[in-house]
**Q** 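Handing you this structure, nothing more for now.
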Amino acid sequence: MFLSGEQHVNLHRIAPEIHLCLFGLIIMIADPFVSAARKRVLGWVGFAGALFALAAVYEASMYKGFAYSHLINNDDFSIFLHVVIIVAAALAILGSLDYLDREGIQLGEYYALILFAAAGMGILASANELVTAFVGLEMSSISTYVLVGFRRRALISNEAALKYFLLGSFATAFFLYGVAMVYGATGTTIIDKIQPALTDASSAGRLPVLAILGLGLMFVGLGFKVVIAPFQIYGPDVYEGAPSPVTALLASAPKAAAFALMLRIFVVSFGSASDTWFWAIWVSAILTMFIGNLAALVQTNVKRMLAYSSIAHAGYILVAFAAGTAIGVAAVLFYLAAYVLMKVGAFLVVTHLGQRGERRLALQDYAGLGSSQPVLAACFSLFLLSLLGLPATGGFLGKFFAFQAALDASGAHGRWIVWLVVIAAINSVIGAYYYLRVIITMYFNEAAKDYTPTAVAPALGVALFIAAVGTLYLGILPGRILDFAKAAADSFSLLH
Amino acid sequence: MSVVPISWYLVLSAILFGLGVIAFVFKRNIITIFMSIELMLNAINLAFVAFARARSQLDGLVFVFFVIVVAAAEAAVGLAIVILLARNRESLNVERINLLKF
Amino acid sequence: MGTQPLLLTVVTFLPLLSVAALLLLRSDDHVWIRRIALAASVAEFVISLLLLRGFNSGTAAYQFQEYHQWIGAAIHYHLGVDGISLFLVLLATFLTPLAILCSWQSIQENVKGFFVALLVIETAMIGVFVSLDLFLFFVFWELTLIPMYFMIGMWGHGRKIYAAVKFILYTMFGSILMLVAILWLYGKAGTFDLPEIQRLLQSGQIIFPPHTELLLFGAFFLAFAIKVPLFPLHTWLPDAHTEAPTAGSVILAGVMLKLGTYGILRFCVPLFPDAAHRMAPTIAVLAIIGIVYGALVATVQTDLKRLVAYTSVSHLGFVVLGIFAFNSISIQGAIYQMLNHGVSTGALFLGVGMLYDRRHTFEIKQFGGLATPMPVLMSFFLFIALSSLALPPLNGFIGEFLILIGTFAGHHAWAAWATSGSVLSAIYLLWAYQRVALGEVTVEKNRDLPDANNRERLILATVAIVIIFMGVASPLFTRRMEASVNNVMQQISPPENAQRRAAPTSARPAKNDVSMNAIAPRPLIAVIAERRVQR
Amino acid sequence: MPILSHLWIILALPLAGAAINGLFGRRWPQSAVNSVAVGSVSLAFLAVAELVREFSHLAQGQIPYPGDYFTWMIAGPFRVDFTLQVDQLTIVMLLTVSFVGMLIHIYSTGYMAHEGGYYRFFSYLNLFMFFMLTLVMASNLIVMFVGWEGVGLCSYLLIGFWFLKKSAADAGKKAFITTRIGDLGFMVGVLLVFWKFNSVNFGDIFRQAGQMPAESATHVGVLTAICLLLFAGAVGKSAQLPLYVWLPDAMEGPTPVSALIHAATMVTAGVYMVARMHPLFSRAPIAMFVVAVVGAVTAFYSATIGLVQTDIKKVLAYSTVSQLGYMFLACGVGAYAAGIFHLMTHAFFKGLLFLAAGSVIHAMGGEQDMMKMGGLRKKIPVTFWTMLIATLAIAGIPGFAGFFSKDEILEAAGAGPHANLWLWLLGVIGAGLTSFYMFRLVFLTFFGKPRFDEHQVHVHESPKNMTVPLMILAFCSIFGGWFAAPHLVGGTEYFENFLHPVFSSYAVSAVAEVQVRVVDPTLLPPGYSAPSPVMELAHALTSWPVIVGILGLLVAWWFYIKKPDAPRRLAQSIHGLYLLLLNKYYVDEIYAALLVRPLLWISTNVLWHGVDQGLIDGIVDGSARVARESGAKVRELQSGNTRSYAAWVVIGAVGFTVLLLGILGMVVH
Amino acid sequence: MSVPFFVFFACAVLAIAGALLLIVAREPIHSALALVLVMISLAILYLLLGAPFIAAVQIIVYAGAIMVLFVFVIMLLNAGVEERTNWSKIAKYAGLPLALILLLEIGHWMFRAPAGAAIANGVGAPGSAASTTGLSLELFQQYLFPFEATSILILIAILGALVLARKEE
């Protein structure tokens with residue numbers, strides 16, 4: 001190859017994406033040559049791809065800096081999120097292997113799409129330019145549209161795909177128009193150049209209205225992707241309709257990626273407007289938490305309940321987001337890490353218990369799990385308690401740092417953010433009820449007679465194990481990850 | 001020769017975008033709803049071009065290019081989804097597609 | 001000073017360790033599960049006694065301290081005990097073996113899970129008492145909930161699930177706000193380390209505006225008041241206590257309620273003295289209402305266990321009153337009363353549990369005349385009841401009396417009202433005893449119930465001995481508390497506040513000043529603060 | 001000085017007895033139990049006797065002689081040591097208690113011979129001795145309170161000894177709770193004492209009180225408060241108005257218990273306490289007056305009830321209440337010594353009366369209704385004679401113990417420094433009534449025709465171990481009062497004299513002076529004129545009780561021997577009054593209606609169901625319901641209709657853009 | 001009135017008319033044709049804005065490829081007359097009015113955009129920059145990365161279409 005050193009470095013800096021796409025391509029190429037019975041192998045290839053990508057993340061971390069004429073910013077921030085995203089993807093793949101067999105849709109494309117989606121999210125996380133980000137967004141979105149509709153025979157799967165697709169592209173259009181406006185107002189779409197451009201364009205310290213309008217429209221698009229009120233509206237349907245492992249992926253990785261872009265745009269580009277967008281976040285956070293928790297309270301379908309719960313968690317993340325400080329960013333990142341682990345874990349448990357055709361999703365189907373499958377039940381309880389925010393789990397520290405960051409910013413935003421925290425706290429108590437309800441059903445209720453539990457498949461078992469250990473690790477020894485998150489956050493503050 | 005002010009183009013793009021949104025909310029047929037998204041994208045393109053022109057930059061035009069590509073990709077997948085749906089159901093009325101709710 | 005390094009860590013985590021051991025056993029190997037659990041808890045108790053040996057009663061400083069970085073620079077693994085927490089730790093380690101013994105037979109399904117839960121609770125409780133880092137404290141605090149939740153929900157009876165959920169949601173609601181307050185405090189102090197924060201407060205490096213302080217105090221106090229429970233936040237208690245299995249009730253009443261009062265004494269009052277003083281009258285009134293109210297409601301219960309549960313509301317009212325009288329005597333009394341209540345009420349629940357093992361009901365109507373078939377059990381029951389109704393020279397009397405003496409120094413009316421509790425306690429306990437034990441045997445199947453077997457006799461005798469011992473040898477305990485309590489008294493009024501508050505002293509008649517300064521200067525301050533609020 | 005330097009021995013003996021019998025007696029034969037119980041008490045009595053000997057050698061300076069043991073409570077400035085003390089008052093009490101106690105233990109071995117739970121009975125009885133002795137030897141209020149509560153406990157246990165009888169169990173509970181109500185006052189009193197004097201030791205308290213000026217009716221201060229509160233405790237313990245109601249019911253207990261606890265010792269604890277605290281009382285005239293009034297009224301009131309009771313033990317119970325009233329009257333008028341004197345004599349003759357009554361009941365095979373007795377004079381002579389002696393004593397017939405003590409009380413009431421004609425009158429009438437109902441008892445029981453079926457009931461004299469104690473007590477009932485005999489003829493009152501150091505040491509000058517005047521010519525201050533007027537006054541007064549006493553005797557004779565149907569006719573003629581008395585003024589019913597039932601009703605319906613379950617849980621569960629319902633509302637948003645979703649997105653878009661622009665505007669301007 | 005103005009107005013009117021037609025038309029096919037109309041008129045406007053390449057792409061890719069795809073699908077599914085169900089109250093009473101408000105809001109601020117008056121003020125004259133070479137240079141140097149990404153994107157699209165639309169075997 002005849003590449004200049006600079007191009008070499010560029011390649012290093014996008015190494016994770018390269019590996020993901022590479023393995024995606026490998027799968028597609030190999031697909032025709034693998035007999036239908038052995039498609040499962042492709043799954044392992046996909047998993048390998050994820051592992052390689054993780055290694056590549058390490059490689060990329062050796063070459064921090066901008067790539068491709070400033071369009072990509074390979075900083076600690078993007079590295080942190082790459083790890084999160086790729087881990088989520090890997091776990092999803094592990095969870096899918098047996099699921100696809102069970103549903104009789106064991107296809108190579110599935111894994112390829114997951115890898116491509118991951119690549120898109122990676123771009124989203126490291127993009128330093130809005131249109132690049134848009135492309136990455138579309139990469140992840142389009143592949144997830146397909147994944148959601150992957151159970152082609154299932155009506156709800158089709159429906160979920162349709163809804164996700166229509167509303168998704170609708171929201172993306174808003175985002176794009178927002179980009180256009182920002183471009184119009186500042187003449188650039190390079191994220192870390194917008195900030196100075198804003199202040200130039202602003203006459204007498206007044207921010208250009210058009211840019212703020214653009215911010216609002218971008219908020220629509222991004223809010224849709226991270227599923228916060230009032231754009232959460234599609235979430236539960238899609239999460240319920242999608243194949244469970246896809247839901248696991250959907251609820252974790254894209255959210256993380258979208259939050260990453262959101263952070264870059266809001267904190268880096270529009271940092272000077274923070275006391276403006278603070279209110280948008282504030283309102284949205286409160287709506288999100290209440291809608292998520294209250295609606296989850298009355299669900300009888302565990303999958304859908306978890307969907308609502310993930311909405312609620314987006315709300316908690318927004319609490320940290322509202323701080324808009326470096327600590328806030330770090331808190332968001334840590335929360336995302338913890339959240340991804342516990343959420344993927346929870347949905348993978350649902351995946352296993354769903355049985356063929358995802359029949360057994362109702363709460364009472366979980367009765368007696370504590371006695372019939374103690375280990376699985378214990379894992380699920382762990383994830384639920386972590387989602388609930390019980391100490392010694394990642395979920396608790398996530399909330400803890402989120403609240404801390406918010407209160408820390410009370411200097412800037414006064415008592416409003418304090419009230420935000422209090423509301424979040426009360427919400428997490430409301431949330432406790434429905435998580436505990438699942439635990440009650442698992443442990444305190446008698447199992448149905450006609451149902452014999454199937455053993456947990458090794459792959460899924462590994463995934464659950466990783467998720468569980470990770471959750472505990474983040475809960476008890478969060479030091480490393482926390483430092484990592486802080487470093488990532490600082491890579492923002494270095495910018496301005 | 002005098003030229004049309006850019007703001008007019010912008011207003012036009014705004015109108016088209018708005019109409020696209022209205023169309024999205026108003027239409028029932030999945031395909032036409034999808035079309036209204038295309039309409040919105042076109043409006044956005046117009047805005048990009050106009051801004052590019054105003055700043056005499058080329059970036060805006062490049063963005064248009066990307067947007068078109070994305071639109072194409074979406075079209076492919078979207079129509080695939082529509083076909084898939086049409087296979088399993090008889091109606092294309094989006095309001096009739098509501099198994100998932102609450 | 002505590003010399004033994006790691007002693008506290010061992011004491012705290014030994015039960016957890018034994019949990020690991022239990023998990024290794026086959027879950028149907030009930031015998032060995034029980035034996036190991038018992039052995040572990042007894043060993044735990046013995047080891048915890050080492051604390052007494054190394055404890056230096058002369059100093060108020062925390063002893064046996066352990067201090068390690070944990071999360072970042074702010075959060076530390078910081079353990080230590082002082083005169084306040086020392087005996088509470090012992091209380092926990094003392095009651096757990098009894099709880100295990102009492103569930104020897106009565107727990108038959110999922111034995112493993114039960115003892116695991118029990119031991120996890122022990123670790124969590126001890127952790128709460130010994131942790132000197134607010135974060136660590138909160139972790140342990142929340143950790144107590146889940147195992148207890150399982151205990152009530154899985155091995156309880158009646159409306160167990162309702163009780164369990166009520167218990168956990170009630171408590172969480174309080175504690176989550178406390179978490180917010182802790183974080184806020186951190187924002188101000190920059191550390192979660194309790195001694196450090198106290199130092200900053202003492203030196204006036206942190207000063208809260210009154211409004212803020214009140215909010216913080218409220219957030220902390222709400223959490224603790226729910227745990228105590230203080231009227232009107234007590235309604236989770238009767239359900240939880242009644243539906244829980246015997247061991248659960250013993251631990252709940254014996255130790256868990258003390259988490260609340262301990263928290264008040266350790267955090268609420270020293271950290272936010274002014275707010276504490278401002279709220280003292282209100283809280284004291286609530287406490288007194290609790291004393292009377294709990295007693296009256298207990299009197300008319302038809303369910304024996306629920307009756308005992310309500311007595312806790314009454315007794316803990318005394319403790320809270322004692323703390324908020326801000327008087328070294330009453331506070332020592334309060335601590336002592338915590339221990340007494342732990343022993344006596346725990347023992348009452350043990351007795352009730354033994355009845356339940358025989359008849360599987362708590363309905364008083366189902367009993368009656370039991371003294372005939374089971375004289376020994378009933379005699380112990382009466383004895384414990386007597387200690388619970390504060391009959392000298394049993395332990396209950398000392399606690400209550402110290403509280404009353406101390407309270408009276410500053411607030412005659414409070415003490416007088418509280419005293420009525422002693423009459424009421426006589427009423428409900430003796431009436432209950434009569435309905436259960438005396439008279440002819442009313443229910444046929446009670447006629448040939450077996451009397452206490454050796455295991456039960458062992459349990460009851462142990463408790464009885466402790467009751468008498470604490471009744472006659474209270475100085476062994478109070479002497480060790482003295483320094484720490486005085487330290488708290490110091491913290492309750494930082495110098496500048498003291499001046500500010502002490503200003504209107506002259507308003508009071510000289511005689512009282514003399515007498516009360518002779519006892520302790522604090523109540524005076526409390527009174528002044530009280531005045532200030534009133535106008 | 002073995003005992004004096006080891007006071008604890010006196011307490012340890014009965015305690016050991018109680019422990020041994022309680023723990024092991026269950027499996028032992030009665031003889032073993034007897035030897036342990038009686039042995040321990042007898043040893044205790046011997047110890048006391050020895051103590052008295054050693055005590056007599058003490059110089060006044062060494063009195064009260066302390067016995068400090070261990071620190072019992074210490075918290076900050078508050079400290080209580082377990083300390084005992086001995087002074088003259090203690091000696092008197094010790095002797096009385098241990099002596100009567102011993103006799104009753106012996107008696108019980110016979111009386112309870114055929115009862116189940118034999119060991120339990122004696123273990124309780126020994127325990128009672130322990131607490132009672134603690135009470136009288138205590139040298140601070142808290143230790144005294146230990147004894148105080150302890151005897152209450154034992155009384156509870158012993159009244160309810162036959163716990164299979166609901167009435168017995170009820171009576172026990174009633175006794176404990178009623179006295180506890182009084183103790184509420186006592187407790188607060190103690191709190192007040194500590195608050196005022198910073199100590200609970202008698203020594204410190206009295207020393208400080210000694211410095212204080214006496215309060216007057218116009219200037220009521222903390223002392224009065226303290227005294228009234230403490231007296232509340234006494235009212236409960238010693239069954240005075242209005243808390244006397246438990247004592248009559250307490251007769252459910254075995255008769256020896258009634259004799260020991262509810263006649264001779266425990267119920268007199270209140271009197272002892274008041275006497276013990278005299279330095280405070282004598283400085284609180286209002287309190288003194290209250291004590292006197294309560295005492296006098298009770299004395300009269302319960303005497304009236306006693307008139308018509310037919311249960312032999314009930315009569316004695318009311319008479320006990322009445323006699324206790326006299327003792328308080330004595331204390332109330334400052335004649336503490338007289339009060340204690342009466343306490344002692346009363347212990348003798350009332351103990352005797354109960355034991356004798358027990359013997360009668362024993363003889364009648366458990367019958368307690370006097371209307372079903374009669375003509376027992378011949379059948380159980382020992383019981384008859386001893387009981388007659390006791391009756392004469394209580395009726396205050398000259399020469400018997402009761403005469404001297406009661407005489408002194410009324411003398412003080414009539415002529416003492418706090419003399420009050422009305423109180424004196426009540427006392428005198430009460431004396432008359434006493435003698436009437438006591439002789440009524442005797443006549444109904446021992447004279448006239450047997451009113452029972454002689455073939456059913458085989459009346460038989462009690463065994464030796466019951467009759468001997470009767471005789472000993474009878475002896476005491478006669479000569480137990482003769483210390484005071486010389487005084488009547490102007491000589492020294494030895495009893496008074498013996499106690500004088502106790503009551504004079506902290507006395508307010510005035511009081512002391514007066515005591516001197518009535519009491520002891522040898523102590524007269526120089527220049528004091530001949531005592532003759534005082535003597536005449538005294539004689540004039542003393543004659544009255546005697547007269548009414550004899551009057552009562554005659555009336556009783558007239559009613560129950562001469563015209564046996566007179567009572568019935570009288571009862572019919574004044575039916576209302578008769579019923580009122582027969583039903584004890586319906587006091588129990590009134591209490592039940594005014595206090596007990598309302599309290600229970602409120603607790604159940606208002607507090608429990610109302611506040612607890614209705615209000616608080618209503619709020620709790622209600623908030624949960626609200627959350628669930630709003631959840632049901634919120635989920636409606638997810639209608640499943642994509643167009644609605646789109647609408648939501650649009651709403652969001654407009655809403656947030658408008659919000660942002662609005663804020664932007666505000667931020668700038 | 002000069003030519004550019006006339007052209008602008010003509011195209012603007014056509015575009016808006018097309019958009020409205022898209023909305024009102026009940027036959028999907030009509031809507032499709034209306035959309036084509038919009039696109040063509042926009043293409044002309046691009047020319048007017050001096051972006052001939054974009055105009056060409058607009059015609060070829062958009063009108064030519066994408067819309068054909070639409071028409072094809074419409075034909076394939078022979079989607080009949082659209083039934084105007086009105087089950088979504090919120091769309092009717094909140095969605096549509098607010099959409100209109102959004103239109104006005106955006107329009108208002110777009111009109112007042114600082115860059116808006118540019119050309120009137122003479123700046124932003126069409127330079128050689130607009131030439132296709134310049135564009136391609138931009139695309140393949142400055143924006144190389146997204147360009148490559150789009151290739152993956154298209155791959156994804158093909159893949160997805162394949163997976164979803166493939167007949168069940």
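Nothing here was measured: the structure is a model prediction, and the numbers come from that model. Order of the sequence lines sets the chain letters (A, B, ...), proteins ahead of strands, with each chain counted from 1.
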**Q** Taking non-hydrogen atoms and a cut-off under 4.5 angstrom, which of residues 16-27 of chain B neighbour chain A?
**A**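 Listed by number, the contacting residues are B/Phe17, B/Val21, B/Phe24.
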
**Q** Quick check against the 3.5 Å criterion: does B/Asn88 have a side-chain atom that pairs as donor or acceptor with the backbone of A/Arg152?
**A**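 Side chain of B/Asn88 to backbone of A/Arg152: a pair is present.
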
**Q** Do A/Tyr177 and B/Ser13 come close enough that some side-chain heavy atom pair is under 4.5 Å?
**A**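 A side-chain contact exists here, since the closest heavy-atom pair is under 4.5 Å.
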
**Q** Return the set of residues passing ring-ring contact (aromatic ring centres under 6.0 Å, His included) with B/Phe48 (not counting sequence neighbours), or none when no residue passes.
**A**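 Only B/Phe63 meet the ring-ring contact (aromatic ring centres under 6.0 Å, His included) criterion with B/Phe48.
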
**Q** Ignoring hydrogens and angles, state whether a donor on the side chain of A/Tyr145 or B/Glu74 is under 3.5 Å from an acceptor on the partner side chain.
**A**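 The criterion, which ignores hydrogens and geometry beyond distance, is not satisfied for B/Glu74 and A/Tyr145.
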
**Q** Could you look at A/Glu159 and say if it's the side chain, the backbone, both or neither that has a heavy atom under 4.5 Å from chain B?
**A**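 Both backbone and side chain of A/Glu159 come within 4.5 Å of chain B.
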
**Q** So if I apply the side-chain contact (heavy atoms from CB on, under 4.5 Å) rule between B/Ile81 and each of A/Val148, A/Leu162, A/Asn158, which one comes out positive?
**A**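 Looking at A/Val148, A/Leu162, A/Asn158, the match for B/Ile81 under the side-chain contact (heavy atoms from CB on, under 4.5 Å) is A/Leu162.
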
**Q** At a 4.5 Å cut-off on heavy atoms, which part of B/Ala86 comes close to chain A: side chain, backbone, both, or neither?
**A**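 Neither part.
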
**Q** Would you mind telling me which of A/Leu176, A/Ile142, A/Thr188 has the largest number of heavy-atom pairs within less than 4.5 Å of chain B?
**A**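 So the answer, after comparing A/Leu176, A/Ile142, A/Thr188, is A/Leu176.
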
**Q** Between B/Leu99 and chain A, with a heavy-atom cut-off of 4.5 Å, which part of the residue counts as in contact: side chain, backbone, both or neither?
**A**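 Contact with chain A is through both the backbone and side chain of B/Leu99.
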
**Q** Pick from B/Ala80, B/Gly60, B/Ala73: which one has the most heavy-atom pairs with chain A under 4.5 Å?
**A**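 Option with the greatest count: B/Gly60.
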
**Q** A/Phe170 versus B/Met40: any side-chain heavy-atom pair under 4.5 Å?
**A**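 Heavy-atom side-chain distance check passes, below 4.5 Å.
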
